[in-house]
There are 2 protein chains.
Amino acid sequence: MDLKITKYSRQRDIILRILRSTKCHPTADWIYEKVKKEIPNISLGTVYRNLNFLADKGKIRRFSFGGTTAQFDGDLRDHYHIRCDWCKRIEDVPHISTRISCQEIESLTGYRIHSLNLFFSGICPECQRKGEQ
Amino acid sequence: MDLKITKYSRQRDIILRILRSTKCHPTADWIYEKVKKEIPNISLGTVYRNLNFLADKGKIRRFSFGGTTAQFDGDLRDHYHIRCDWCKRIEDVPHISTRISCQEIESLTGYRIHSLNLFFSGICPECQRKGEQ
DNA sequence: AATAATATTAGTTATTATTATTGTTTTTAT
DNA sequence: ATAAAAACAATAATAATAACTAATATTATT
């Protein structure tokens, strides 16, 4: 994955715009379907290449919940994620009072920290109401 | 993935023992190779099925770093992970002073929290020494 | 202990997500 | 305007995981 890409590309622009304009945390394929409406002959490989590029450059976030598929998030603001173990929905956790100190981690591990990911899993209110599935 | 499995299985036992006895965060395939030394004709599917079973029951942890491969951890104690963006190694972050309050998240989101995952990424000391790759 | 019921298995095939390749087109620098 | 490099679409290849099936191992029942 050697990406020294610097040129403008309409495809990348649109991918980024679509990702930024959604509140969900889409997969590459979801984005692909959206972009196709604007660029019908775009290829899935282009979507993957650009998502990886953008993630490597820190323009978007890439994560996964231990599952088999990567998901992307165009929102770079400090926030966390939570997923329902039953319905699999993913939501943002806007902010928590606790500040996690990256500096502490840096001095603890010697790493230069680039990013921090915090996610929770559990049962969402709706599924709780519906009871045991 | 409906796993109402209750019977004893030697395969599962050995998988769990191997996972618990390593400090690394192996993939299904890594575990498969290990188990084969004890049960030469075990199948990879069995390894996957049991890892998923154990993870669903909360006996082990399953995660991934946004990549394509799941990794497993037999250590259930409270700890976090850090990965080097260059050499891809994953290490434990033993404990941090900040306590993240799941109760705060529960009242903030309405979710019943099952688990919390915190991971960092950055550049490990060794790669820092080696400089830009 | 023998039997019946069923979870689990090995072996295999299928599916899905992702990456790599190749020849062509776009973009940028000169 | 032209040349070099980046990015592309199309497609093939790979890798991870899930699904299927008939046989085996484990447990519960007699």
Side-chain angles (χ1 to χ4, degrees), chain A residues 1-19 25-57 59-73 88 90, chain B residues 1-19 24-57 59-73 85 88 90:
Chain A
M1 203 194 301
D2 184 25
L3 296 161
K4 286 172 194 149
I5 319 172
T6 41
K7 286 187 180 170
Y8 171 83
S9 111
R10 188 165 83 94
Q11 287 81 348
R12 185 153 60 230
D13 236 32
I14 292 175
I15 287 167
L16 186 56
R17 174 166 46 75
I18 286 174
L19 182 57
H25 307 81
T27 64
D29 205 66
W30 186 97
I31 294 162
Y32 174 55
E33 292 303 324
K34 286 273 179 183
V35 187
K36 263 205 289 200
K37 286 169 186 165
E38 298 189 45
I39 311 174
N41 68 332
I42 196 171
S43 101
L44 181 56
T46 300
V47 175
Y48 271 105
R49 184 166 9 84
N50 283 298
L51 287 170
N52 284 334
F53 168 77
L54 292 165
D56 287 349
K57 299 290 181 191
K59 303 283 185 199
I60 65 174
R61 293 165 78 175
R62 172 190 163 126
F63 62 90
S64 109
F65 262 91
T68 158
T69 317
Q71 289 171 269
F72 300 88
D73 190 347
K88 310 296 182 200
I90 292 179
Chain B
M1 203 194 300
D2 185 25
L3 296 162
K4 286 173 195 148
I5 319 172
T6 39
K7 284 186 182 172
Y8 171 84
S9 111
R10 187 165 85 95
Q11 287 81 348
R12 185 153 60 231
D13 235 33
I14 291 175
I15 287 166
L16 185 56
R17 174 165 48 73
I18 286 174
L19 182 58
C24 75
H25 307 82
T27 63
D29 206 66
W30 186 97
I31 294 163
Y32 174 55
E33 291 303 326
K34 287 272 179 184
V35 187
K36 263 205 287 200
K37 287 169 186 164
E38 298 189 45
I39 310 175
N41 68 334
I42 197 171
S43 100
L44 181 56
T46 300
V47 174
Y48 271 105
R49 185 165 9 84
N50 282 297
L51 286 171
N52 283 333
F53 168 76
L54 291 165
D56 286 349
K57 298 291 181 189
K59 304 283 185 197
I60 64 174
R61 293 165 78 175
R62 172 189 163 129
F63 61 89
S64 106
F65 263 88
T68 158
T69 316
Q71 290 172 270
F72 299 87
D73 190 347
D85 284 335
K88 310 299 181 199
I90 291 179

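Order of the sequence lines fixes the chain letters, A, B, ..., with proteins taken first and strands second; residue numbering starts at 1 for each chain.
- With sequence neighbours excluded, no residue satisfies salt bridge (Lys or Arg N to Asp or Glu O under 4.0 Å) with A/Lys88.
- When rounded to the nearest whole Å, the span between CZ of A/Arg12 and P of D/dA6 equals 11 Å.
- In this entry the distance linking CG of A/Asp56 with P of C/dT18 reads 14 Å, nearest Å.
- For B/Arg10, the salt bridge (Lys or Arg N to Asp or Glu O under 4.0 Å) test picks out no residue, with sequence neighbours left out.
- The only member of B/Ile18, B/Asp73, B/Leu51, B/Ile31 that meets side-chain contact (heavy atoms from CB on, under 4.5 Å) when paired with B/Pro26 is B/Ile31.
- Nucleotide C/dA17 holds its C1' atom 16 Å from the CZ atom of A/Phe63, rounded to whole Å.
- Rounded to whole angstrom, the span from the NZ atom of B/Lys36 across to the P atom of C/dT9 amounts to 17 Å.
- Per the geometry, CD1 belonging to B/Ile42 stands 16 Å off C1' belonging to C/dT12, to the nearest Å.
- Closest to the side chain of B/Asn50, out of C/dA10, C/dT9, D/dA10, is C/dT9.
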Tabulate atom names and distances for all N/O pairs under 3.5 angstrom spanning the protein and nucleotides 27-29 of chain D.
residue	atom	partner	partner atom	Å
D/dT27	OP1	B/Tyr8	N	3.2

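- For the pair A/Gly45 and B/Gly45, nearest-nucleotide mapping onto DNA chain D gives the more 5' position to A/Gly45.
- For residues 29-40 of chain B, every residue pair satisfying the side-chain hydrogen bond (donor to acceptor under 3.5 Å, both in side chains) rule, not counting sequence neighbours, is listed here: B/Arg17-B/Glu38.
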Check the interface with nucleotides 14-17 of chain D: list each N/O to N/O pair with the protein under 3.5 Å, or write none.
residue	atom	partner	partner atom	Å
D/dA16	O3'	B/Thr68	O	3.3
D/dT17	OP1	B/Ala70	N	2.8
D/dT17	OP2	B/Tyr48	OH	2.3
D/dT17	O5'	B/Tyr48	OH	3.3

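- Atom pair A/Arg49:CZ and C/dT26:C1' shows a separation of 13 Å (rounding to whole Å applied).
- Distance CD (B/Gln11) to P (C/dA10): 5 Å, rounded to an integer number of Å.
- Residue B/Thr46 places none of its side-chain N or O atoms closer than 4.0 Å to OP1 or OP2 of C/dT9.
- Residues satisfying the side-chain contact (heavy atoms from CB on, under 4.5 Å) criterion with A/Ser64, sequence neighbours excluded, are B/Ser64.
- With rounding to whole Å, A/Asn41 atom CG is found 10 Å from D/dA10 atom C1'.
- Across all strands shown, D/dT30 forms a Watson-Crick or G-U wobble pair, both distances under 3.5 Å, with C/dA1.
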